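Numbers here simply count residues along the sequence, with the first being 1. Everything numeric here is computed off the predicted structure, so don't read it as measured data.
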Amino acid sequence: MLNIFQLFTKPPEIKDIPLKPYLLEFSLNRLALGIDNIRIDVHISPQLQKALQKTVFFIVIKHSQTEIFFREYSKKNCKSEKDALKTICAAALSDGINRAKAEGEIQIDYLGQAALAKLFREEVKNQYKKLVAHFEPLGLSYELSRRHTEAELRKVRDKLAIIKLTKNRIIQMAGAELFQIITDIQTDNLRNMRETNFQAEQILPPIFFNNPLLHTDNPTDDFFLIEEYVLMGQRSKDPDNYNNVKAIIYDLLEKTDLRQRHKKEIGLSNKSKRANGQFSADAGGHDFDEWIMEPENIDRMLNVFDSRKQYKNAKKEKKPKAILLKMKERLKIQRRLLNLFYRKFKKSGLLDQLVASFEMKTVYGIYCPPIAPCKIKEFLTDFWSRKFITYQLKSRKNAHGAAFKIAPLKKTVSIIQGLSAADKKAHLLNFLRQFSRYHRDLYNFRLLKEAMELINFVNTEKDILLSRGNRSLFEFLLPSERVKEEKPVSNHVIIKADIRGSMKINNIMRSKGLNPASLFSLNFFDPIAAILLDYDASKVFIEGDAIILSIIENQDTPEGWYSVARACGLAIRMLQIVHSYNMKNRENNLPLLEIGIGISHSPGSPTYLFDGDSRIMISPAINMADRLSECNKRIHKFLTDHDPLFNLFVFKNVFRSENDEDTDDLYMRYNVNGIELDSSGFNKLSKEITLHPITYSSAKNKKIKLYSGKVPTLSGNYQPIVIREDIITEIHPEKFEILGNTFNKYYEVCTHRQIYEFAENKVE
């Protein structure tokens with residue numbers, strides 16, 4: 001019996017349970033301090049501040065239920081103001097993201113978000129004060145006016161009393177609705193922009209601002225806890241106080257193999273992050289916090305109920321034995337771990353407390369206020385406290401002046417006493433979920449609170465000029481609020497698209513009595529011209545069978561520092577246009593177009609010649625793009641059996657050297673409906689957007705290196721791109737024999753749908 005009991009009580013190993021750590025990088029420690037040498041100077045868009053005041057005014061009216069006292073309020077107006085504020089906030093935060101990208105400092109983006117959060121919190125409290133200030137003189141004016149009845153006066157006074165009584169609730173509800181705007185912006189408007197510019201682990205999760213603790217001045221208030229999380233004790237002697245619960249969970253997890261897992265997976269990296277100030281010192285800093293603060297981990301470790309259902313369903317569906325065995329083993333681990341928690345919580349007196357915390361939710365509102373929620377929990381859990389609390393209830397009246405009834409409380413006691421062990425385990429599981437949320441939200445709140453305390457809003461012209469002059473001002477403005485000035489060119493990119501066999505197409509069309517000029521114009525030049533604006537591209541010049549385009553970058557305009565990325569996106573769209581028109585041409589027995597595209601980046605500005613009023617661009621990138629867009633005729637005929645997923649292959653002429661004076665035939669290309677990006681362009685692209693390296697196995701089991709990213713267009717959309725990196729091979733120019741690899745690489749902008757589907761699945 002002893003061996004069986006020891007086996008039963010032995011903590012299970014959870015190394016095979018797929019837990020996810022909650023890791024968050026957030027700090028402002030690298031940003032320059034402002035003019036007071038204590039805080040960070042921030043200037044928020046004046047238009048945003050005005051829109052915020054109006055929006056919060058409507059939201060506070062809504063949650064205080066005072067709509068009938070304000071003629072300008074309507075649901076339609078409230079929604080309209082919220083939508084306008086959302087657009088303005090997205091623009092201001094976009095400005096911060098661009099500045100963060102320009103300076104290579106993610107903390108500028110964090111600062112913008114923290115500043116917006118601080119501004120939102122302050123404005124909710126300001127508008128609540130204005131609401132109270134509106135009603136106090138209103139009651140006096142009703143009292144002095146002969147036009148208003150006694151009933152109307154009483155109505156105003158009652159409403160003012162309710163507004164003051166429900167202050168915390170109004171502020172909480174208004175704050176939650178307002179902060180939902182920040183959450184929506186993060187997920188809907190700015191997610192792609194951040195993913196394009198920053199690493200995934202650097203981006204703040206949406207739950208960082210979707211935090212109830214941001215809307216209360218007392219995170220331990222009984223009413224707040226019971227409505228948003230779960231009621232916990234506040235006294236040091238209470239077994240269910242926050243610190244005691246946390247210590248018990250730490251102790252239980254210490255008995256498992258989680259510490260070894262922590263050291264292996266994230267322990268060392270987190271120590272270095274804390275040393276760099278990326279974690280709050282007040283957060284506790286326990287090794288298990290990363291696991292506890294992820295609520296889904298509670299279910300992964302302990303949710304026997306859900307796992308049992310999944311296992312039964314899998315058996316009904318006759319899943320493979322290996323899957324069933326794995327599910328059964330996980331269920332066994334969860335059951336043992338849940339029993340371990342259950343026994344510990346029961347022995348420490350916590351179980352009765354948390355069960356009562358959940359069961360009282362349906363009745364506590366009858367008695368609270370005036371009775372504190374913790375007293376109701378005492379009634380449900382402590383026999384000796386019931387008489388005293390009963391006496392308190394009998395000596396008081398409820399909000400309607402009637403005596404309190406004890407029957408609902410006695411019924412709840414009976415319900416608790418009748419709960420089975422399984423019911424109590426379900427309550428324990430739910431409690432741990434809510435505790436995990438509270439633990440995480442408290443951690444996030446402390447991080448954000450520290451950041452908000454560091455922010456100094458600078459609004460006077462004198463302070464703005466002083467801080468800006470000292471280069472210590474962080475501004476988050478709308479495009480219309482920034483001073484417009486011509487900026488020097490810092491980079492430029494050339495895109496050349498060359499039509500293959502244009503003379504042959506011309507002869508075929510003329511032999512049929514058709515117009516080749518209209519074919520090129522309608523199928524190529526005109527539709528391409530229609531999309532240039534979305535990529536901030538301009539025409540350099542057009543030849544009979546080619547088009548050369550440019551994208552210019554200017555200094556101090558980080559919102560436009562995507563020249564190579566947009567060139568790649570534009571090139572993909574150009575090929576899509578050609579492909580769609582080729583489908584129509586094939587149906588109408590017209591010649592098909594084949595093109596090759598070259599993209600070349602050059603730092604600095606191009607030079608210009610002027611022919612009268614015409615400006616002619618001169619740049620080495622034009623010559624390079626011309627070479628990249630070429631296709632060697634002999635290689636074209638030779639290379640028929642190639643991987644259909646790719647359209648570009650580059651070879652080096654074994655008989656030529658980089659040192660030769662004439663290097664025109666140094667490289668031989670197959671570029672049929674392909675896009676080649678030069679190495680300078682690829683290096684620039686890797687700085688413009690976040691590229692995710694992935695490996696693709698071809699049909700011949702060749703490992704191909706790909707890079708996946710997103711291109712931001714001027715219209716606000718994000719276009720996926722995939723770049724293939726490959727080695728240039730040496731080739732005999734006469735025999736077309738592959739002789740070996742060089743040390744040089746080439747880059748293809750991929751266009752095949754299968755590659756994009758593969759990349760999307762890999763990155764996700």
Side-chain angles (χ1 to χ4, degrees), residues 488-500 502 520 524-525 528-529 531-533 535-555 560-575 577-578 593-632 647-648 650 658 660-685 688 711 723 728 744 746-749:
V489 173
S490 56
N491 290 280
H492 67 282
V493 176
I494 298 296
I495 309 109
K496 180 178 181 185
D498 190 19
I499 299 176
R500 306 279 176 247
S502 58
F520 292 146
F524 187 63
F525 296 117
I528 287 174
I531 63 172
L532 296 184
L533 183 63
Y535 295 90
D536 202 18
S538 304
K539 294 178 186 175
V540 177
F541 56 83
I542 295 177
E543 297 176 344
D545 59 354
I547 183 171
I548 296 180
L549 308 168
S550 68
I551 300 178
I552 302 294
E553 281 186 15
N554 298 96
Q555 292 179 12
W561 291 354
Y562 300 102
S563 56
V564 177
R566 287 173 175 164
C568 294
L570 175 57
I572 294 169
R573 286 282 300 278
M574 291 164 71
L575 279 173
I577 288 170
V578 170
L593 296 184
E594 282 185 351
I595 67 172
I597 300 177
I599 301 173
S600 178
H601 161 261
S602 181
S605 173
T607 55
Y608 296 94
L609 294 177
F610 287 88
D611 182 9
D613 293 334
S614 300
R615 190 172 72 164
I616 301 171
M617 179 186 288
I618 298 176
S619 168
I622 295 177
N623 297 330
M624 178 56 71
D626 179 56
R627 292 185 180 184
L628 300 178
S629 67
E630 291 177 349
C631 183
N632 184 281
N647 302 304
L648 173 74
V650 183
E658 298 275 1
D660 293 347
E661 291 184 8
D662 183 9
T663 59
D664 284 348
D665 60 346
L666 175 63
Y667 292 107
M668 307 168 71
R669 288 177 168 81
Y670 174 91
N671 187 343
V672 179
N673 294 327
I675 307 166
E676 183 172 359
L677 174 66
D678 68 355
S679 57
S680 174
F682 178 78
N683 292 334
K684 175 69 165 57
L685 178 68
E688 292 178 359
V711 176
I723 309 294
I728 297 176
N744 298 325
Y746 69 94
Y747 301 92
E748 177 187 6
V749 183

Taking the side chain from [X] and the backbone from [Y], do they hold a donor-acceptor pair closer than 3.5 Å?
X: H492; Y: G604; value: yes
X: S563; Y: I551; value: no
X: N647; Y: N673; value: yes

Might you point out which heavy atoms bring [X] and [Y] nearest each other, and give the distance in Å?
X: G596; Y: S629; answer: O-CB, 3.5 Å
X: A621; Y: S602; answer: CB-CB, 3.9 Å
X: I548; Y: I622; answer: CD1-CG2, 4.1 Å
X: I599; Y: A567; answer: CD1-O, 3.7 Å
X: N554; Y: W561; answer: O-NE1, 2.8 Å
X: A565; Y: E688; answer: N-OE1, 2.8 Å

Could you grab the distance from atom [atom1] of [X] to atom [atom2] of [Y], nearest 0.5 Å is fine?
X: N623; Y: K496; atom1: CG; atom2: NZ; result: 9.5 Å
X: E553; Y: K684; atom1: CD; atom2: NZ; result: 3.5 Å
X: F541; Y: L549; atom1: CZ; atom2: CG; result: 10.5 Å
X: S550; Y: I494; atom1: OG; atom2: CD1; result: 5.0 Å
X: E748; Y: N671; atom1: CD; atom2: CG; result: 8.0 Å
X: L532; Y: S538; atom1: CG; atom2: OG; result: 7.5 Å

Taking side chain as C-beta onward, heavy atoms only, is [X] less than 4.5 Å from [Y]?
X: N632; Y: R669; value: no
X: C631; Y: D498; value: no
X: L648; Y: I675; value: no
X: I577; Y: I531; value: yes

Do Y667 and R627 pair up side chain to side chain, a donor and an acceptor below 3.5 Å, judged on atom types alone?
no
